[in-house]
S.K.: 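Would you mind keeping the following structure in view while I ask a few things?
Whatever order the structure lists them in is the order used to number ligands and atoms, beginning at 1. Small disclaimer: the values here were computed from a predicted structure and weren't measured.
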Amino acid sequence: MSEAPKALSDDDIVVENNNKALKFIEDVTVNADEVQKRVLSEILTRSADAEYLQRNGLNGCTDRETFKKVMPVITYEDLKPDIERIANGDTSPILCSQPISEFLTSSGTSGGERKLMPTIDDELERRSLLYSLLMPVMSQFVPGLDKGKGMYFLFVKSEAKTPSGLVSRPVLTSYYKSSYFKDRPNDPYTNYTSPNETILCLDSYQSMYSQLLCGIYQNREVVRVGAIFASGFIRAIQFLEKHWSLLCRDIRTGTIDSKITDPTVREAVSKFLKPNPKLADFVEAECTKGSWKGIITRLWPNSKYIDVIVTGTMSQYIPALDYYSDALPLVCTMYGSSECYFGINLEPLCSPSEVSYTLIPTMAYFEFLPVSRKNELTGSVSESTALNDEEKKKLVDLVDVELGREYELVVTTYAGLYRYRVGDILRVPGFKNNAPQFNFICRKNVVLSIDSDKTDEVELQNAVTNAANQLMQFEASLVEYTSYADTSASPGHYVLYWEISVKDATLIPPSVFEDCCFTVEESLNSVYRQGRVSDKSIGPLEIRVVENGTFDLLMDFALTQGASVNQYKTPRCVKYAPIIELMNSRVVSSYFSPKCPRWNPGHRQWCTQN
Ligand code: AMP
């Protein structure tokens with residue numbers, strides 16, 4: 001008689017699931033090109049009747065050659081009329097045969113408003129699949145992660161409705177509110193210290209407070225900590241710095257502060273909150289030691305790494321994270337966007353400067369446009385312009401990118417984007433099997449970023465012009481300007497260095513410069529204003545007036561670094577420490593924006609229509 005099969009233990013199940021995920025990664029990276037071919041054909045077959053494909057003459061073809069020949073390579077501006085039709089209630093298959101389920105609001109902007117990315121129900125499954133690969137990869141390098149909890153600070157943001165009633169919200173808000181997250185099955189890898197209710201609470205103070213309370217309460221169980229972006233994690237630590245005594249009081253007495261009024265949050269937290277004076281004493285002792293160096297490892301002694309994105313502009317937060325954590329490994333696990341999720345880091349313990357993401361070939365059809373950097377000092381990349389037929393031919397497929405080269409990412413998604421320029425610049429440092437890996441280099445044109453805001457040169461120029469008009473009444477004018485994202489204090493803020501030509505500087509009252517700061521803020525895009533008003537992740541904008549001749553010195557400096565006199569243009573953003581020192585050494589006065597700019601959830605045009 002054969003033996004009855006033995007029931008698998010929890011450990012066996014974890015190992016089996018990990019192996020399945022790793023095998024999937026192996027298969028799709030070995031067969032990257034075939035998978036990409038299949039993905040494109042699947043997308044085009046499913047949406048064969050979509051108006052956009054017919055309009056461009058694809059005529060039901062699903063092969064790469066015809067697709068590349070007839071389909072234009074586009075940016076958001078090209079799609080805007082179609083997106084607006086969908087937002088206004090046209091339910092015909094415009095971009096995609098499947099119904100658009102909602103819009104994901106990107107942190108990229110168009111005309112000062114967040115871009116609206118169409119999405120379909122299926123995409124949630126694709127995103128979940130990518131998430132499900134992260135911990136199996138991580139577990140190859142760090143054992144025991146299934147034996148404890150993750151303390152992740154996760155947040156939702158407000159949502160709006162299009163005139164036709166489609167929800168528009170950020171991709172993570174959409175994910176956390178979906179059943180994929182809320183009703184996730186019991187899994188040691190998605191066992192978080194924050195109850196769902198604390199994550200889903202829209203009030204950022206209550207959400208942060210309750211997540212920290214739960215995280216501290218379970219401090220011994222925590223084996224990894226994190227947030228999405230480094231800026232969010234730093235914000236949590238600084239919140240703790242401000243509110244630890246209230247949190248300690250709650251832990252001591254097993255109560256929840258009266259400022260936490262959301263009944264669902266109160267109920268979820270009170271389920272496991274018992275008076276714990278010993279823990280409260282411990283936390284209080286650590287928080288009053290004077291220095292906050294290493295506070296993360298002190299309060300959460302079993303944490304093995306910090307899971308946050310520190311690539312791209314987020315690298316500015318690495319020193320602060322190292323300080324607070326006594327240099328725990330910083331782990332960047334994935335790379336994605338509202339358009340679609342792209343890839344994962346297969347060497348998660350590498351140093352932040354070496355992080356590369358392997359694009360998962362099942363997520364979308366990927367193409368790459370070779371780029372060259374216009375200005376090595378500022379790192380700027382040339383503007384997006386429509387591609388002519390010759391330029392279109394330069395796009396290469398995933399498996400054809402060359403080692404060491406830089407490319408702009410172009411995607412074709414299941415949700416109706418075809419040959420869409422994402423705006424990210426990537427470099428190829430190596431391959432996993434046949435699938436290339438990519439360093440994230442920068443977002444095209446972005447000059448300033450503190451949190452998820454991305455301000456480009458044109459937006460900054462317009463905002464500065466609007467503000468500088470106010471100097472005219474004092475017979476003064478702006479000679480030159482540049483900018484800097486100052487993250488030395490929290491929250492970080494934008495700094496503008498202004499050189500002014502004026503007959504008598506004493507005639508300009510400080511309130512005029514403060515008004516200028518405010519006007520710049522009012523003129524910046526809605527993601528910036530949301531950061532100022534709702535998320536409080538960006539501090540008041542500052543104008544530092546510099547002595548006359550400062551920008552000549554800046555040019556001299558650039559020339560010593562190899563810039564050419566004929567081609568020199570004032571950089572509109574500075575990052576290099578010696579340049580910032582030079583600018584700061586010439587500051588004669590500085591002013592801050594006195595109040596928050598206006599911001600409302602939803603697009604400006606919808607607000608005025610309602
Ligand atoms: P959003 O559409 O608002 O979700 O923003 C997506 C953008 O955020 C991407 O196109 C990138 O520019 C940036 N981003 C996302 N993940 C990463 C990452 N791991 N490293 C650097 N930048 C990232």
S.K.: Taking only non-hydrogen atoms of Met314, do any sit less than 4.0 angstrom from ligand 1?
M.R.: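 Flag not set, Met314 not near ligand 1.
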S.K.: Under 4.0 Å between a Lys/Arg side-chain N and an Asp/Glu carboxylate O for Arg421 and Asp78?
M.R.: no
S.K.: Suppose we measure from atom 2 (O) of ligand 1 to each protein heavy atom; which comes out shortest, and what is that distance?
M.R.: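 For this ligand atom, the closest protein heavy atom is Ser338 OG, 2.7 Å.
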S.K.: Only counting residues at least two apart or in another chain, list the ones meeting salt bridge (Lys or Arg N to Asp or Glu O under 4.0 Å) with Lys115.
M.R.: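 Salt bridge (Lys or Arg N to Asp or Glu O under 4.0 Å) check on Lys115 returns nothing, list empty.
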S.K.: To which protein heavy atom is atom 6 (C) of ligand 1 closest, and what is the distance rounded to 0.1 Å?
M.R.: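 Of the protein heavy atoms, Ser337 CB, 3.4 Å lies nearest.
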S.K.: Which residue and atom name correspond to the protein heavy atom nearest atom 17 (C) of ligand 1, and how close is it?
M.R.: Tyr335 CD1, 3.6 Å
S.K.: Which heavy atom of the protein is the closest neighbour of atom 7 (C) of ligand 1, given with residue, atom name and distance?
M.R.: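 Of the protein heavy atoms, Arg443 NH1, 3.8 Å lies nearest.
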S.K.: Can you confirm if the NZ or CZ of Arg184 lies within 45° of the ring axis of Phe181 and under 6.0 Å from the centre of its six-membered ring?
M.R.: yes
S.K.: Could you check atom 20 (N) of ligand 1 against the protein and tell me its nearest heavy-atom contact, residue, atom and distance included?
M.R.: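 Protein heavy atom at minimum distance: Thr311 OG1, 2.6 Å.
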S.K.: Measure up the Tyr494 and Tyr528 rings against each other and bin them: parallel (under 30°), tilted (30 to 60°), perpendicular (over 60°).
M.R.: tilted
S.K.: Look at the aromatic rings of Tyr175 and Tyr180 and report parallel, tilted or perpendicular, splitting at 30° and 60°.
M.R.: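 Plane angle under 30°, so parallel.
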S.K.: If we only count N/O pairs under 3.5 Å, is Asp424 in contact with ligand 1?
M.R.: yes
S.K.: When the ring centroid of Phe239 is compared with that of Tyr205, is the distance short of 6.0 Å?
M.R.: yes
S.K.: Measure the distance from atom 5 (O) of ligand 1 to every protein heavy atom, then report the residue, atom name and distance (to 0.1 Å) of the closest one.
M.R.: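 Its nearest protein heavy-atom neighbour is Ser107 OG, 3.4 Å.
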S.K.: Just to check, does Lys454 reach to within less than 4.0 Å of ligand 1 when the distance is taken from its heavy atoms?
M.R.: yes
S.K.: Strictly below 4.0 Å, N to O, side chains only: are Arg529 and Glu522 in salt-bridge contact?
M.R.: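 A salt bridge is absent here (no side-chain N lies under 4.0 Å from a carboxylate O).
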S.K.: Consider every N or O of Gly108 and every N or O of ligand 1, then say whether any pair is closer than 3.5 Å.
M.R.: no
S.K.: In the protein, which heavy atom is nearest to atom 15 (C) of ligand 1, and how far is it?
M.R.: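 Closest protein heavy atom to atom 15 (C) of ligand 1: Gly336 O, 3.1 Å.
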